[in-house]
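To keep things clear, I will list the structure first and then write my remarks on it.
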Amino acid sequence: CGRGLVPEHRHLLHLGERRIDCSCETCWSLQSGNPDYRPVGTRVAWLPDLQMSDEQWAGFSIPIGLAFFMKSSTADGVVALYPSPAGATESELEMGTWESLADSNPVLGEMETDAEGLVVNRLSDPPQYAIAPIDQCYMLVGLVKANWEGISGGTGLEAAIAGYFDDLHARASV
């Protein structure tokens, strides 16, 4: 629309491209009913009691300890994405592993399709888990991309990831 955006503006997820679009209030209201877009969620829930075994994590075949999982209406199932210096990489899921995880953690069944994701940090001890708005999930991808140094990511990346999860924890409703 050409209007400027305030620092605290809303976002929409373009479903087909899984692209986060910034939006003024008027455009957000108009596009929220568009079948190509979905408003992102607003809830942050810290999940200190989430149960995920090493075997379940290995079943997802994600090569690093960071990822987010989202229920996707376009994929008609759950997809996993993990950050890399090149951006988000999608990992095909063995749905039996996801179903096993969701059966042990009923809160995962409450995730809003396309609008929220389960963010996982298995690089920390203990591992950290949160349900977050999908734009915040993709923010982790941007954070990794922006802070990556050298071959292994560097200490700046470690600090940025720790800060990201500290912020989620501080904003969480639980």
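Everything numeric in this text was worked out from a predicted model, so none of it was measured.
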What I'd like to find out is whether the side chain of [X] reaches to under 4.5 Å of the side chain of [Y], using heavy atoms alone.
X	Y	value
L157	V144	yes
V120	W57	yes
I134	M70	yes
L50	L108	yes
M52	R122	yes
L66	F165	yes
N105	L101	yes

Results of side chain to side chain contact (heavy atoms under 4.5 Å, CB included) for E55 - residues two or more places apart only
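Counting only residues at least two positions away or on another chain, E55 forms a side chain to side chain contact (heavy atoms under 4.5 Å, CB included) with S53.
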Quick one: side-chain hydrogen bond (donor to acceptor under 3.5 Å, both in side chains) partners of S84, sequence neighbours excluded?
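Expected list: none.
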Counterpart residues, side-chain hydrogen bond (donor to acceptor under 3.5 Å, both in side chains), relative to D166 (two or more places apart)
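Listed in chain order: nothing, the list is empty.
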Sort and list the pairs that fulfil side-chain hydrogen bond (donor to acceptor under 3.5 Å, both in side chains) and have at least one residue in residues 72-81, not counting sequence neighbours.
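Qualifying pairs: S72-T74, S73-D114.
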Could you note down all residue pairs passing side-chain hydrogen bond (donor to acceptor under 3.5 Å, both in side chains) where residues 142-156 supplies at least one of them, sequence neighbours left out?
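Of all non-adjacent pairs touching residues 142-156, none passes side-chain hydrogen bond (donor to acceptor under 3.5 Å, both in side chains).
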Check [X] against [Y] and note the closest heavy-atom contact, atom names and distance.
X	Y	value
L93	A80	CD2-CB, 3.6 Å
S61	S91	O-OG, 3.6 Å
Q56	S104	NE2-OG, 4.0 Å
V44	P133	CG2-CD, 3.7 Å
C137	A132	SG-O, 3.8 Å
V79	A75	CG1-CB, 3.8 Å

Give, for atom [atom1] of [X] and atom [atom2] of [Y], the distance between the pair rounded to the nearest 0.5 Å.
X	Y	atom1	atom2	value
T97	M95	OG1	CE	9.0 Å
D135	L140	CG	CG	12.5 Å
T89	I62	OG1	CD1	10.5 Å
L13	T113	CG	OG1	11.5 Å

Can you pull the ring pair (Phe, Tyr, Trp, His ring centres under 6.0 Å) pairs that have at least one residue in residues 64-110, sequence neighbours excluded?
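Non-adjacent pairs meeting ring pair (Phe, Tyr, Trp, His ring centres under 6.0 Å): F60-F69, F68-Y138, F69-W98.
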E116 and salt bridge (charged side-chain N to carboxylate O under 4.0 Å, His left out): which partner among R43, R38, K71?
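The salt bridge (charged side-chain N to carboxylate O under 4.0 Å, His left out) with E116 is passed solely by R43 among R43, R38, K71.
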Would you find a donor on one side and an acceptor on the other, under 3.5 Å apart, between the side chain of N121 and the backbone of L123?
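It does hold such a pair.
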Are the side chain of Q51 and the backbone of D49 linked by a donor-acceptor contact shorter than 3.5 Å?
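Yes.
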Apply side-chain contact (heavy atoms from CB on, under 4.5 Å) to residues H169 and Q128 and explain how you reach the verdict.
CA-CA 9 Å; H169 193 199; Q128 298 170 309; over 6 Å; no
